[in-house]
Amino acid sequence: MSPAPLPPVVTAPEGYAGCGPLLPGPATDSKPLRQRVFEHVRATGIAARADVSRALGISAGSVTQLTSDLIAQGYLCETAEITRDRREPARGRPAVSLAVVPKAHRVIGIKLSDERHTAVLADFSGTILAEAMLPTPPVRKSLDQICDETAELVARLLAEADLPLDAISAIGIGLSGLVEPETGAVPWSPLLIGTDLPARDALTQRLGRPVLIENDANMLTLAELWFGAGRAMSDFAVVTIEHGVGMGLVVGNRLYRGTRGMGMELGHTKVHLDGALCRCGQRGCLEAYLADYALAREAATALGRNPRNQASPQAMLEALFAEAKTGNMAARSIFRRAGRYLALGLSNVIQIFDPELVILSGERMRYDYLYADEVIAETLALTLNHGRQPCRIEIHNWGDMVWARGAAALALSYVTDTALGQGAVA
């Protein structure tokens, strides 16, 4: 029986730059070769077979066989576009490269938050096809309420994209708090009423599609690893300052979660014994001195207002920031104190993990007192360098949708593992 003919050469998506980590995985990476080939093509956007062979250190014959299989399965296609680094003079038939078939799979990424939930729809190449947002009351909710709100957000997103639910292969969801990624259980979250909640199972049942669930700081870290500054970096940390304080860490070009998936809770590291009360119930957490509710707590005193009259801490913070900008010394002292606690937390991250880069991100990074030159200088002064090059610190203020984009990366990773990994059906 003769093999089926290969699909015709097509044109790659215009301006497509790829997504996913650009560096190869560790030497112990157990992913099948065909998955590694696919992920290299997706990361580079387009890649000639010879480029794949060099990058992965495998023979040209193996690449030809593997890419032929991936084309036959509908995951890769040939494109007439030539890779940028190709310098050889044209001889005979024009050289062709490989690209991902975008429609092979579609996924949804969601960020659940205190005041608004956000979602993006992405194809298998990582291109964002649609976005949606759902405002929500800033109060703790039951798991059933969260499931209903998530379902409404998904419906809005699918209506925007004019797609049915069965066109979606998986849904990635990020939320604040402690999350066990293997089981999808949520031991504690400031968004939810109750503890040890079976969030993934409940959301999977409610949405009718496979659901992956993760801590939201890990989602922002995945966004940097798949789409941002971390794509070509093996070790970096992301510190988020929003309604809470979170952290994600990449080690060896892979997201590090800890033994139980509950590590990197920077906001709940202790900076003051018997200190301020944190919303987790303990005292002295970094978050209790740096998060929006912590600043709003002091803002009420500085501005002479009753915090109970505010529907959200954000309005209090905006008023506090405006006062600081006009010279109110009490307001300035609140931000400066928060900046010093941030410097303490960052110096501990640098001292323990020694990352190449620390990225500060989140909505609160609009308040320049939190990343003033004095804060960065104090961070480095608290860190032992002994004449070595200091860690780089960058500010990234991407906006709300980047969190959901990281959740989409989680879903893309799951779908790729399922379709091409060791558990895939050949």
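- F236 pairs by the ring pair (Phe, Tyr, Trp, His ring centres under 6.0 Å) definition with nothing, not counting sequence neighbours.
- Inspection of the S62 and Q65 side chains reveals no N or O donor paired with an N or O acceptor under 3.5 Å.
- Looking at every heavy atom in both residues, A223 comes nearest to V402 through CB-O, 3.5 Å.
- Summarising the geometry, atom CG belonging to L344 is positioned 11.0 Å from atom OH belonging to Y289; distances are rounded to the nearest 0.5 Å.
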Quiz item: For L222 and L255, what are the C-alpha separation, side-chain angles and deciding distance, and is it a side-chain contact (heavy atoms from CB on, under 4.5 Å)?
Solution: CA-CA 7 Å; L222 278 180; L255 183 68; 4.1 Å; yes

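- Applying the side-chain hydrogen bond (donor to acceptor under 3.5 Å, both in side chains) test to pairs two or more places apart or on separate chains, none has a residue in residues 229-238.
- T67 contributes a side-chain N or O that, together with a main-chain N or O of T64, makes up a donor-acceptor pair within less than 3.5 Å.
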Self-check item: E374 vs R336, side-chain contact (heavy atoms from CB on, under 4.5 Å): CA-CA, chis, key distance, verdict
Solution: CA-CA 9 Å; E374 293 83 1; R336 284 173 179 163; over 6 Å; no

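- A distance of 4.5 Å separates OG1 of T150 from CG of L112, quoted to the nearest 0.5 Å.
- Not a single donor-acceptor pair under 3.5 Å links the side chain of H40 to the backbone N or O of R36.
- In this structure, the side chain of T118 does not engage the main chain of A404 through any donor-acceptor pair within 3.5 Å.
- Contact of the P187 side chain with the E180 side chain is registered, since non-hydrogen atoms from C-beta on lie closer than 4.5 Å.
- No side-chain heavy atom of V238 sits under 4.5 Å from any side-chain heavy atom of L360.
- When the options L33, D51, I58, L56 are evaluated for a side-chain contact (heavy atoms from CB on, under 4.5 Å) with V63, the one that passes is I58.
- One N or O on the side chain of K141 and one on the backbone of V139 form a donor-acceptor pair closer than 3.5 Å.
- Taken from NZ in K111 to NE2 in H117, the straight-line distance is 10.5 Å, to the nearest 0.5 Å.
- Checked by atom type, the side-chain pair D201/Q205 shows no donor-acceptor distance below 3.5 Å.
- Judged by distance alone, the side chain of D123 and the main-chain N or O of G126 form a donor-acceptor pair under 3.5 Å.
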Show the atom names and distances, to 0.1 Å, of all donor-acceptor pairs under 3.5 Å that link a side chain in residues 153-177 to residues at least two apart or in another chain.
from : atom 1 : to   : atom 2 : distance (Å)
R156 : NH1    : M133 : O      : 3.0
R156 : NH2    : E152 : OE2    : 3.4
S169 : OG     : H105 : ND1    : 2.7

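- Side-chain contact between V186 and L178: absent, with no pair of heavy atoms (C-beta onward) separated by less than 4.5 Å.
- Taking every heavy atom of both residues into account, S125 and C19 meet most closely at O-SG, 3.3 Å.
- With sequence neighbours left out, the salt bridge (Lys or Arg N to Asp or Glu O under 4.0 Å) criterion links R206 to D148.
- Going from atom CG of L197 over to atom OG of S189 covers 8.5 Å, rounded to the nearest 0.5 Å.
- Of all heavy-atom pairs spanning I46 and A99, the tightest one is CG2-CB, 4.0 Å.
- V239 has its side chain within reach of L266: a pair of non-hydrogen atoms, C-beta onward, lies under 4.5 Å apart.
- Side-chain contact between L121 and I128 is absent, with no heavy-atom pair separated by less than 4.5 Å.
- Taking every heavy atom of both residues into account, P137 and E149 meet most closely at CD-OE2, 4.2 Å.
- Every residue two or more places apart in sequence or in another chain that forms a side chain to side chain donor-acceptor pair (under 3.5 Å) with Q145 is listed here: S142.
- In terms of the salt bridge (Lys or Arg N to Asp or Glu O under 4.0 Å) criterion, residue partners of E39 (sequence neighbours excluded) are, by chain and number, K31.
- For E224, the salt bridge (Lys or Arg N to Asp or Glu O under 4.0 Å) test picks out no residue, with sequence neighbours left out.
- Here the SG-CG distance, from C285 to L290, works out to 12.0 Å after rounding to the nearest 0.5 Å.
- Partners of F227 according to the ring pair (Phe, Tyr, Trp, His ring centres under 6.0 Å) rule, which considers only residues two or more places apart in sequence or in another chain, do not exist here.
- Applying the side-chain contact (heavy atoms from CB on, under 4.5 Å) rule to A294 yields the partners R297; only residues at least two apart in sequence or on another chain are considered.
- R42 forms a cation-pi arrangement with F124, by the criterion of a distance under 6.0 Å to the ring centre and an angle within 45° of the ring axis.
- We find the CG-CD distance between L410 and E214 to be 6.0 Å, quoted to the nearest 0.5 Å.
- With a 6.0 Å radius and a threshold of 12 heavy atoms from other residues, nucleotides or ligands, K103 has its NZ atom at or below the threshold.
- H268 meets the ring pair (Phe, Tyr, Trp, His ring centres under 6.0 Å) test with W188; sequence neighbours excluded.
- Residues L225 and N253 have side chains in contact (heavy-atom distance under 4.5 Å, counting atoms from C-beta outward).
- Between the side chain of R405 and the backbone N or O of V120 there is no donor-acceptor pair closer than 3.5 Å.
- Shown here for L295 and A338, the closest heavy-atom pair between the two residues is CD2-CB, 3.7 Å.
- F335 has its side chain within reach of L320: a pair of non-hydrogen atoms, C-beta onward, lies under 4.5 Å apart.
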Self-check item: Chi angles and distances behind the side-chain contact (heavy atoms from CB on, under 4.5 Å) call for I350, V358
Solution: CA-CA 8 Å; I350 296 170; V358 172; 4.0 Å; yes

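- Between P198 and L143 the shortest side-chain heavy-atom distance falls below 4.5 Å.
- Side-chain N or O atoms of T240 include one that pairs as donor or acceptor with a backbone N or O of G246 at under 3.5 Å.
- The salt bridge (Lys or Arg N to Asp or Glu O under 4.0 Å) search around R116 returns E363, D400, not counting sequence neighbours.
- Between A232 and L22, the closest heavy-atom pair is CB-CD1, 4.3 Å.
- Looking at R257, its side chain never comes within 3.5 Å of a backbone N or O of M264 through a donor-acceptor pair.
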Quiz item: Do L23 and M233 pass the side-chain contact (heavy atoms from CB on, under 4.5 Å) test, and can you show the C-alpha distance, the side-chain angles, and the key distance before you say yes or no?
Solution: CA-CA 7 Å; L23 298 180; M233 200 168 294; 5.6 Å; no

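- A donor-acceptor contact shorter than 3.5 Å is absent between the side chain of S413 and the backbone of A409.
- Here E78 pairs with R49 in a salt bridge; the nearest charged N to carboxylate O distance falls below 4.0 Å.
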Exercise. Before giving the answer on ring pair (Phe, Tyr, Trp, His ring centres under 6.0 Å), spell out for Y256 and F353 the whole-Å C-alpha distance, their side-chain angles and the decisive distance to 0.1 Å.
Key: CA-CA 11 Å; Y256 178 78; F353 298 107; 7.4 Å; no

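- Judged purely by atom type and a 3.5 angstrom limit, T269 has no side-chain atom pairing as donor or acceptor with the backbone of E265.
- Within the structure, side-chain hydrogen bond (donor to acceptor under 3.5 Å, both in side chains) pairs that include any residue of residues 338-358 comprise R340-E378 (at least two apart or interchain).
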